[in-house]
Amino acid sequence: QVQLIESGGGLVQTGGSLRLSCAASGRAFSGYAMGWFRQAPGKEREFVAAISWSGGSTDYADSVKGRFTISRDNARNTVYLQMNSLQPEDTAVYYCAAGRVLSRRRYAYDYWGQGTQVTVSS
């Protein structure tokens, strides 16, 4: 089992920045690829970014490429999502997830956090 706890969400104005953190406990964190997903009200949960177990590979949704950066610190069992130039359409609950392979598919991830709310005001 891997337990994931997200933090760092909040209210920010358009153009602002936030850094989300996801702290993992349980089984070896460094063996898992990590992903960030988000879900806005009335919408499906969608892929945001993912990073391989080593941190050597990353992937981003087109909507966030160039604005968001995913990173991880295996010594701290933590994955981060730096979000810059935030827009109202980025408003959602953000979830981190752990899986065996880097993937855009949510069904590839075995463990999920409870989510953290990000609200971007216009």
Side-chain angles (χ1 to χ4, degrees):
Q1 288 284 344
V2 175
Q3 292 80 42
L4 303 172
I5 300 176
E6 303 95 336
S7 62
L11 174 65
V12 64
Q13 292 185 333
T14 296
S17 297
L18 284 174
R19 188 176 82 155
L20 305 184
S21 299
C22 174
S25 61
R27 302 185 69 175
F29 170 76
S30 61
Y32 287 88
M34 300 296 295
W36 285 98
F37 291 74
R38 66 187 182 186
Q39 188 166 17
K43 294 189 176 182
E44 293 286 320
R45 191 170 299 189
E46 64 175 3
F47 170 76
V48 175
I51 189 166
S52 62
W53 68 270
S54 68
S57 297
T58 58
D59 189 22
Y60 296 92
D62 288 345
S63 59
V64 307
K65 199 171 296 183
R67 300 188 298 123
F68 291 10
T69 302
I70 189 171
S71 61
R72 67 189 296 162
D73 184 341
N74 286 343
R76 297 179 182 271
N77 287 357
T78 303
V79 63
Y80 305 98
L81 186 68
Q82 177 67 43
M83 306 186 295
N84 298 329
S85 301
L86 283 161
Q87 302 298 314
E89 52 266 35
D90 295 317
T91 295
V93 177
Y94 283 71
Y95 299 88
C96 71
R100 286 300 181 184
V101 295
L102 189 159
S103 176
R104 295 187 171 202
R105 299 172 61 249
R106 58 182 177 172
Y107 302 107
Y109 293 86
D110 302 311
Y111 305 102
W112 292 82
Q114 293 299 305
T116 185
Q117 176 71 47
V118 171
T119 302
V120 184
S121 64
S122 57

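The hydrophobic cluster containing Ile5, built from Ile/Leu/Val/Met/Phe/Trp/Tyr side-chain heavy atoms closer than 4.5 Å, comprises no other residue.
Between the side chain of Glu6 and the backbone N or O of Gln114, at least one donor-acceptor pair lies under 3.5 Å.
Shown here are the side-chain contact (heavy atoms from CB on, under 4.5 Å) partners of Ser85, two or more places apart in sequence or in another chain: Arg67. Applying the salt bridge (charged side-chain N to carboxylate O under 4.0 Å, His left out) rule to Glu44 yields the partners Arg106; only residues at least two apart in sequence or on another chain are considered. Applying the side-chain contact (heavy atoms from CB on, under 4.5 Å) criterion to Ser121, with sequence neighbours excluded, gives Leu11, Gln13. Residues that satisfy the salt bridge (charged side-chain N to carboxylate O under 4.0 Å, His left out) test with Arg104, not counting sequence neighbours, are Asp59. Partners of Gln1 according to the side-chain contact (heavy atoms from CB on, under 4.5 Å) rule, which considers only residues two or more places apart in sequence or in another chain, are Gln3, Tyr111. In this view, Asp73 and Ala75, Arg76, Tyr80 satisfy the side-chain contact (heavy atoms from CB on, under 4.5 Å) rule, not counting sequence neighbours. The ring-ring contact (aromatic ring centres under 6.0 Å, His included) test applied to Phe37 returns Phe47, Tyr109, Trp112, not counting sequence neighbours. With sequence neighbours excluded, the residues satisfying salt bridge (charged side-chain N to carboxylate O under 4.0 Å, His left out) with Lys65 are Asp62.
The closest side-chain heavy-atom distance from Asn77 to Ser25 is not below 4.5 Å.
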Throw together a table of side-chain donor-acceptor distances under 3.5 angstrom for residues 92-102, partners on residues two or more places apart or in other chains.
unit_1	atom_1	unit_2	atom_2	d
Tyr94	OH	Arg38	NH1	2.9
Tyr94	OH	Asp90	O	2.6
Arg100	NH2	Tyr32	OH	3.4

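Under the disulfide (SG to SG under 2.5 Å) criterion, no residue pair touches residues 40-95, with sequence neighbours excluded. Judged as a disulfide (SG to SG under 2.5 Å), not a single pair has a partner in residues 26-63 (not counting sequence neighbours).
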